[in-house]
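Written below as structure tokens is the structure these notes are about.
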Amino acid sequence: MTVYKALTIAGSDSGGGAGIQADLKTFQELGVFGMSAITAVTAQNTLGVQGVYPLSAEAVAAQIESVAADLGADAVKTGMLFSADIIRTVAEQVKKHGWERLVVDPVMIAKGGAPLLQEEAVAALKEALLPLAFVITPNIPEAEALTGIAIRTMDDRREAARLLHRMGARYVVIKGGHDDEGEETVDLLYNGSEFSYFKSKRIDTRHTHGTGCTFAAAVAAELAKGRHPVDAVGTAKSFVQAAISEPLGIGQGHGPTNHWAYRQYGE
Ligand SMILES: Nc1ncnc2c1ncn2[C@@H]1O[C@H](COP(=O)(O)OP(=O)(O)O)[C@@H](O)[C@H]1O
Ligand SMILES: Cc1ncc(COP(=O)(O)OP(=O)(O)O)c(N)n1
């Protein structure tokens, strides 16, 4: 039996809806062995982020080294990286281990508004990590912060995707969850020459905590199996749609998505 392996380098969400916890659940659901390097511990629940406790860059590097030295990874995903120091360390590690199937989810701010990336770290993200990304998966505010383009229309999104590709990402996905116009959510994918659009019915719910992490983790899981990025994004969109469609109804605020819905109910 071939065992496909994916490594997530991200923050811990004590509430279990986002971060490392969402990534590992998604890997497992998609039949991929999940491994983790934790960058920061957050005290978090469906009501918000109550505390952020970053690890040292050295502790992050040590976790990645341990995984690389023994298990290896078929794909790697980054989420909350918090500081420029951690970003540079992760970039060095990715280069050192020759990891090409890298999904960069440029996590900046949690839905409730808590900062998960220091402002001065955005430059490091652009310089050190973005050029190593096989797939980058910003939401609209993150694409705006990375490119400086104000995104109001699909044309703006295409312009931002072209710029992110020129900055070094091989495949650019700009997710559409924050564009609340219309009946559909549309995720845009750019491969450097063509655009593809992944659409699904917009679900009217506040239970979307962790959708971005779940989406990027599903892309990484599919890449770990050797799938083409276009197919990986298609599966990720279906996985997230199922996860939002069958809410668990737990917590008092923005509840988590249902990570087992795709397996249980399909698309
Ligand atoms: N209300 C919704 N209904 C259906 N899909 C959604 C909804 N909100 C977000 N999504 C999907 O969830 C994924 C994450 O989107 P987005 O909200 O833009 O990112 P983030 O969680 O990083 O802010 C995307 O695939 C997007 O299309
Ligand atoms: C530890 C941690 N990492 C990432 C996030 C952001 O996750 P995301 O999927 O973008 O979901 P929301 O926070 O926007 O609901 C997080 N909250 N915590």
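Order of appearance sets the numbers: ligands from 1, and atoms from 1 within every ligand.
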For a quick test of your reading: what N or O donor-acceptor pairs under 3.5 Å do the side chains of residues 111-124 make, sequence neighbours left out?
{"residue": "Lys111", "atom": "NZ", "partner": "Thr208", "partner atom": "O", "Å": "3.0"}
{"residue": "Lys111", "atom": "NZ", "partner": "Thr211", "partner atom": "OG1", "Å": "3.2"}

Worksheet item: Any salt bridge between Arg170 and Glu100, counting N to O under 4.0 Å?
Response: no
Worksheet item: Nearest protein heavy atom to atom 23 (O) of ligand 1, by residue and atom, and its distance?
Response: His178 NE2, 2.7 Å
Worksheet item: Between Gln241 and Ile203, is any pair of side-chain heavy atoms under 4.5 Å apart?
Response: yes
Inventory of protein N or O atoms under 3.5 Å from ligand 2 N or O:
{"residue": "ligand 2", "atom": "9 (O)", "partner": "Gly212", "partner atom": "N", "Å": "3.0"}
{"residue": "ligand 2", "atom": "9 (O)", "partner": "Cys213", "partner atom": "N", "Å": "2.8"}
{"residue": "ligand 2", "atom": "11 (O)", "partner": "Gly210", "partner atom": "N", "Å": "3.1"}
{"residue": "ligand 2", "atom": "13 (O)", "partner": "Lys111", "partner atom": "N", "Å": "3.2"}
{"residue": "ligand 2", "atom": "14 (O)", "partner": "Lys111", "partner atom": "N", "Å": "3.3"}
{"residue": "ligand 2", "atom": "14 (O)", "partner": "Lys111", "partner atom": "NZ", "Å": "3.3"}
{"residue": "ligand 2", "atom": "15 (O)", "partner": "Lys111", "partner atom": "NZ", "Å": "3.4"}
{"residue": "ligand 2", "atom": "15 (O)", "partner": "His209", "partner atom": "ND1", "Å": "3.0"}
{"residue": "ligand 2", "atom": "15 (O)", "partner": "Gly210", "partner atom": "N", "Å": "3.2"}
{"residue": "ligand 2", "atom": "17 (N)", "partner": "Gln44", "partner atom": "OE1", "Å": "2.8"}
{"residue": "ligand 2", "atom": "18 (N)", "partner": "Gln44", "partner atom": "NE2", "Å": "3.1"}

Discussion item. If the cut-off is 4.0 Å to any non-hydrogen atom of Gln241, which atoms of ligand 1 fall inside it?
Written reply: 4 (C), 5 (N)
Practice prompt. Would you check if Gln93 and Ile9 make a side-chain contact, meaning some heavy-atom pair closer than 4.5 Å?
Written response: no
Worksheet item: With a 3.5 Å cut-off and no angle check, do the side chains of Gln44 and Gln50 form a donor-acceptor pair?
Response: no
Worksheet entry | Asp187 bridged to Lys199 by N-O distance under 4.0 Å | no
Worksheet, complete the sentence: Here the atoms of ligand 1 under 4.0 Å from any heavy atom belonging to Val240 are 11 (C), 12 (O), 13 (C)
Worksheet entry | pair Glu29-Arg263: side-chain heavy atoms closer than 4.5 Å | yes
Worksheet item: Going through the distances and angles, do Asp23 and Thr26 end up as a side chain to side chain donor-acceptor pair (under 3.5 Å)?
Response: CA-CA 5 Å; Asp23 295 348; Thr26 304; 5.7 Å; no
Return a table of donor-acceptor pairs under 3.5 angstrom between the side chains of residues 83-92 and protein atoms on other chains or two or more places apart.
{"residue": "Ser83", "atom": "OG", "partner": "Ile86", "partner atom": "N", "Å": "3.1"}
{"residue": "Thr89", "atom": "OG1", "partner": "Asp85", "partner atom": "O", "Å": "2.9"}

Item to complete: Could you tell me the residue and atom name of the protein heavy atom closest to atom 1 (N) of ligand 1, and the distance to it rounded to 0.1 Å?
Response: Ile203 O, 2.9 Å
Worksheet item: Do Lys201 and Glu184 come within less than 4.5 Å of each other through their side chains, counting heavy atoms only?
Response: no
Acceptor/donor pairs from residues 224-237 side chains to any protein atom, 3.5 angstrom cut, sequence neighbours excluded:
{"residue": "Lys225", "atom": "NZ", "partner": "Leu30", "partner atom": "O", "Å": "2.7"}
{"residue": "Lys225", "atom": "NZ", "partner": "Glu222", "partner atom": "OE2", "Å": "2.7"}
{"residue": "Arg227", "atom": "NE", "partner": "Glu222", "partner atom": "OE1", "Å": "3.3"}
{"residue": "His228", "atom": "ND1", "partner": "Val230", "partner atom": "N", "Å": "3.0"}
{"residue": "Thr235", "atom": "OG1", "partner": "Asp231", "partner atom": "O", "Å": "3.2"}
{"residue": "Lys237", "atom": "NZ", "partner": "Thr185", "partner atom": "OG1", "Å": "2.7"}
{"residue": "Lys237", "atom": "NZ", "partner": "Ser200", "partner atom": "OG", "Å": "2.9"}

Worksheet item: Heavy atom under 4.0 Å from ligand 1: found in Lys201's side chain, backbone, both, or neither?
Response: backbone
Discussion item. Tell me if the centroids of the rings in Phe27 and Phe33 come within less than 6.0 Å of each other.
Written reply: no
Worksheet entry | Geometric N/O contact Thr205 with ligand 1, under 3.5 angstrom | no
Practice prompt. List the closest protein heavy-atom neighbour of atom 22 (O) of ligand 1: residue, atom name, distance to the nearest 0.1 Å.
Written response: Lys175 NZ, 2.8 Å
Practice prompt. Would you mind telling me if ligand 1 is within reach of the side chain of Ile244, the backbone, both or neither, using heavy atoms under 4.0 Å?
Written response: side chain
Discussion item. Closer than 4.0 Å to some heavy atom of Phe215 - which atoms of ligand 1 meet that?
Written reply: 25 (O)
Worksheet item: Which residue owns the protein heavy atom closest to atom 9 (C) of ligand 1, what's the atom, and how far is it?
Response: Gly177 CA, 3.6 Å
Worksheet item: Do you know which of Ile174, Asp105, Ile109, Leu125 makes side-chain contact (heavy atoms from CB on, under 4.5 Å) with Glu142?
Response: Asp105
Worksheet item: Any nitrogen or oxygen of Ser200, main chain or side chain, under 3.5 Å from a nitrogen or oxygen of ligand 1?
Response: no
Worksheet item: Hey, which atoms in ligand 1 end up nearer than 4.0 Å to a heavy atom of Lys111?
Response: 21 (O)
Item to complete: Using distance alone, determine whether Thr211 and ligand 1 share an N or O pair under 3.5 Å.
Response: yes
Discussion item. Within the 4.0 Å heavy-atom shell around Asp187, which atoms of ligand 1 are there?
Written reply: 24 (C), 25 (O), 26 (C), 27 (O)
